[in-house]
Amino acid sequence: MNDFWSGVGVDLHLEPDSADGRRAGLERALRDAVRDGRLTPGTRLPATRRLAAELGMSRGTAKAAYDQLVAEGYLTARQGSGTRVAPMPPSPAVEVPQAGARARAPRFDLRPGSPDVGAFPAAAWLRALRRAIATAPSLAYDYGDPRGRIELRTALSGYLGRARGVLAPPERIVITSGYVQGLALLTRVLDGAEVAMEDPGLPFHREVVRRGGGRVLPVPVDERGVRPEALDGAAAVVVTPAHQYPTGVTLHPERRRALTDWARARGGLVVEDDYDGEFRYDRQPVGALQGMAPDQVAYLGTASKTLGPALRLGWMVLPPRLAAAVADAKLHSDHHTETIGQLALAELIDSHAYDRHVRACRLRYRRRRDQLLDRLGGRRRVRGVAAGLHALVDVPDEDAVLARAEAEGLAVGRLGSHWHAPGGDRPQGLVVGYGTPRERAYPEALEVLAKVLDA
C-alpha cells in the first residue's frame, strides 16, 4: 500500500494487511501527524473517496477512520466544508516522577531513556494479539505461574540464545513487569547484601536497590567499562556491559573475563542489565556476558527499548541457585505479570515479526546516530556511539550549556546527576538521547543542540 499521502504531502507509515488493520493504521498515522505538527490545525483533509483510492482501501474504511478521529477531537467535519484538523490547545506542563528530571514538556526532547514510541509496530502487535487470543487455552485467563507464561519463556529461550548468546532454559526465566521490578526482586532475595553499582550510573536504579534493603557501593567506570578490581566487599554488582549507561562504553573483553572470574572466586552475583543490547551499529552486537558464566550472571532484559515502556514486559534469566527464590519473591510481589501481553509477545517472537522490527529499529537509530555525528562530531568529542540510543557529549560547563538549552526549549540529560557523589572535578557532559524525537522533528532538534553547544 502507498504510504505517502500525496494530497497534502504527509508520510503516513501504514502497516496494514486487513480491513481492521487498514483502519487502525490510518487512525494511528493521522493521530501522529496531528500530534507532531505535520498536519496543522485547519488543514483540509482529502475526501474519503479520494483518500481511499490513493491508499488502496475501501471508502467505508477511510470514513470510519475519519469518524473515529472526529469523535476523539482530532478532526472536525461540517457539511459543505469537509473534514479538517481540529484546533489543538497548547500542550500543558507534563509532570513525570522519575528522578525529577522531566518537569515540563520541551519543544525538542533529546533526553535519554526512551525509544521512538511512534515506531511501535501496532499492526504487527494487533495480529500477534489476535492469534494469541484465538489459540490461548481458557486457563490462560486464570491466575498463572509467577515465572510467567510458558509460551513466552519458551519463545525467549530461543530468541535470547540466537540474538544475545544467552543460555536461557525456560525453567530459569522469570517474566517481570519491566527491568525495575527484576532489580527489586533480586535485591529482596539478596537480603540486605552490599550491591556494587556503576559510577556513573542511573540514580533511580540505585534508589530501587536501597528501597529494597540493599546497601549500594560505587564501582568506578573508565574507558574500558566497570573496574572489577574495585569490587572488594560486594556480594553483587549491577553492570551494563553492552553499552554502559551513561558513558556508552562497551565492557572490554579483559574486564568481562575478570568480572566473571571475580564472581566464581567470591561466589558473587553479576546482574547484567542488557537494556539496549540489540542496537549495535558498527558490527554485530556483542554477546551477553551471561553466556560466559550462566551460573554467576543474572541476565535482565526488557521490551521497553525495542517495543515500548508501556507494555511493562521484562525478563530475567537466573542462575539455578536463584531461580526458585526469585519466583517466590515474584509470587508475593504481584503474583504474576499480566498474561495477554505475554502471549502476544510470544507470538510476535515466534513469527519473527519481533526480529524484523528490531532490525528496522536498528537501521533507524543508526541513521539518527549518524546524523548526530555529522552535526556534532567534527567539533565536539562525542562518545558511546557504537551502540544504543544515547551518546555522551563532553562539555566544559554543564550548568551554562543546560541554561542555554532550557532557553531554547531543548531538553537533554546531564552527566553530573549520574555520579554517586556529584561535584568536585568530575568530568562534565550532556547525555543526548536520539530515540525519542519523531523523524521530522529530529533534524531541527540537532540544529538547536548545535546552536546551544556553539554559543
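Quantities reported herein were computed from a predicted structural model and do not represent experimental measurements.
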Nearest 0.5 Å, what's the [atom1]-[atom2] distance between [X] and [Y]?
{"X": "Leu410", "Y": "Leu402", "atom1": "CG", "atom2": "CG", "value": "9.0 Å"}
{"X": "Thr48", "Y": "Lys63", "atom1": "OG1", "atom2": "NZ", "value": "7.5 Å"}
{"X": "Leu51", "Y": "Thr61", "atom1": "CG", "atom2": "OG1", "value": "10.5 Å"}
{"X": "Leu343", "Y": "Thr135", "atom1": "CG", "atom2": "OG1", "value": "7.5 Å"}
{"X": "Leu156", "Y": "Glu151", "atom1": "CG", "atom2": "CD", "value": "11.5 Å"}
{"X": "His243", "Y": "Leu251", "atom1": "NE2", "atom2": "CG", "value": "13.0 Å"}

N/O donor-acceptor pairs under 3.5 Å from side chains in residues 421-431, not counting sequence neighbours:
unit_1, atom_1, unit_2, atom_2, d
Arg426, NE, Ala421, O, 2.9
Gln428, OE1, Glu398, N, 2.8
Gln428, NE2, Pro396, O, 3.4

Flag, side chain of [X] to backbone of [Y], donor-acceptor distance under 3.5 Å:
{"X": "Arg153", "Y": "Gly148", "answer": "yes"}
{"X": "Arg368", "Y": "Pro437", "answer": "yes"}
{"X": "Glu338", "Y": "Ile340", "answer": "yes"}
{"X": "Tyr281", "Y": "Gly388", "answer": "yes"}
{"X": "Arg164", "Y": "Val286", "answer": "yes"}
{"X": "Arg84", "Y": "Gly42", "answer": "yes"}
{"X": "Arg312", "Y": "Ser177", "answer": "yes"}
{"X": "Thr306", "Y": "Val358", "answer": "no"}
{"X": "Glu408", "Y": "Lys451", "answer": "no"}
{"X": "Gln290", "Y": "Leu167", "answer": "yes"}

Ignoring hydrogens, what is the shortest heavy-atom contact between [X] and [Y]? Give both atom names and the distance.
{"X": "Gly413", "Y": "Pro112", "result": "N-CD, 3.9 Å"}
{"X": "Ala344", "Y": "Ala128", "result": "O-CB, 3.5 Å"}
{"X": "Gly341", "Y": "Trp125", "result": "O-CH2, 3.7 Å"}
{"X": "Gly287", "Y": "Arg256", "result": "O-NH2, 2.9 Å"}
{"X": "Leu39", "Y": "Thr43", "result": "CD2-CG2, 4.1 Å"}
{"X": "Ala155", "Y": "Ile349", "result": "O-CG2, 3.8 Å"}

Considering only heavy atoms from C-beta outward, does the side chain of [X] approach that of [Y] to under 4.5 Å?
{"X": "Met292", "Y": "Arg257", "result": "yes"}
{"X": "Leu300", "Y": "Tyr275", "result": "no"}
{"X": "Asp199", "Y": "Trp419", "result": "yes"}
{"X": "Pro121", "Y": "Leu307", "result": "yes"}
{"X": "Lys330", "Y": "Arg147", "result": "no"}
{"X": "Gln296", "Y": "Leu269", "result": "no"}
{"X": "Val221", "Y": "Val249", "result": "yes"}
{"X": "Gln371", "Y": "Pro443", "result": "yes"}

Check this for me: does any side-chain nitrogen of one of [X] and [Y] sit under 4.0 Å from a carboxylate oxygen of the other?
{"X": "Arg404", "Y": "Asp397", "result": "no"}
{"X": "Arg359", "Y": "Glu278", "result": "no"}
{"X": "Asp109", "Y": "Arg111", "result": "yes"}
{"X": "Glu27", "Y": "Arg31", "result": "yes"}
{"X": "Glu347", "Y": "Arg127", "result": "no"}
{"X": "Arg362", "Y": "Asp276", "result": "no"}

| When you look at Val395 and Leu453, which way does the side-chain contact (heavy atoms from CB on, under 4.5 Å) test go after all the steps? | CA-CA 8 Å; Val395 298; Leu453 290 171; 3.7 Å; yes
| Ser157 and Thr154: side-chain donor and acceptor closer than 3.5 Å? | no
| request: Check the side chains of Gln342 and Thr337 for a donor-acceptor pair under 3.5 angstrom, ignoring hydrogens and angles. | output: no
| request: I would like to know whether Arg131 and Asp350 meet salt bridge (charged side-chain N to carboxylate O under 4.0 Å, His left out); could you show each step before the answer? | output: CA-CA 11 Å; Arg131 285 194 291 265; Asp350 286 340; over 6 Å; no
| said: Please determine whether side-chain contact (heavy atoms from CB on, under 4.5 Å) holds for the pair Thr260 and Val270, giving the CA-CA distance in whole Å, both sets of side-chain angles, and the decisive distance to 0.1 Å. | reply: CA-CA 8 Å; Thr260 55; Val270 178; 5.7 Å; no
| Do Thr436 and Leu110 pass the side-chain contact (heavy atoms from CB on, under 4.5 Å) test, and can you show the C-alpha distance, the side-chain angles, and the key distance before you say yes or no? | CA-CA 7 Å; Thr436 300; Leu110 291 176; over 6 Å; no
| said: Between Glu198 and Thr240, does the side chain to side chain donor-acceptor pair (under 3.5 Å) criterion hold? Intermediate values first, please. | reply: CA-CA 8 Å; Glu198 295 170 328; Thr240 49; 2.8 Å; yes
| task | Answer with yes or no after comparing the ring centroid distance for Tyr434 and Tyr442 against a 6.0 Å cut-off, counting only values under it. | result | no
| said: Would you say the rings of Tyr245 and His390 are close, in the sense that their centroids are separated by under 6.0 Å? | reply: yes
| message | I'd like to know whether CD of Glu447 has more than 12 heavy-atom contacts from other residues, nucleotides or ligands below 6.0 angstrom. | response | yes
| query | Does the pair Asp222 and Arg227 meet the rule for a side-chain contact (heavy atoms from CB on, under 4.5 Å), with working shown? | reply | CA-CA 7 Å; Asp222 61 22; Arg227 293 171 52 188; 3.6 Å; yes
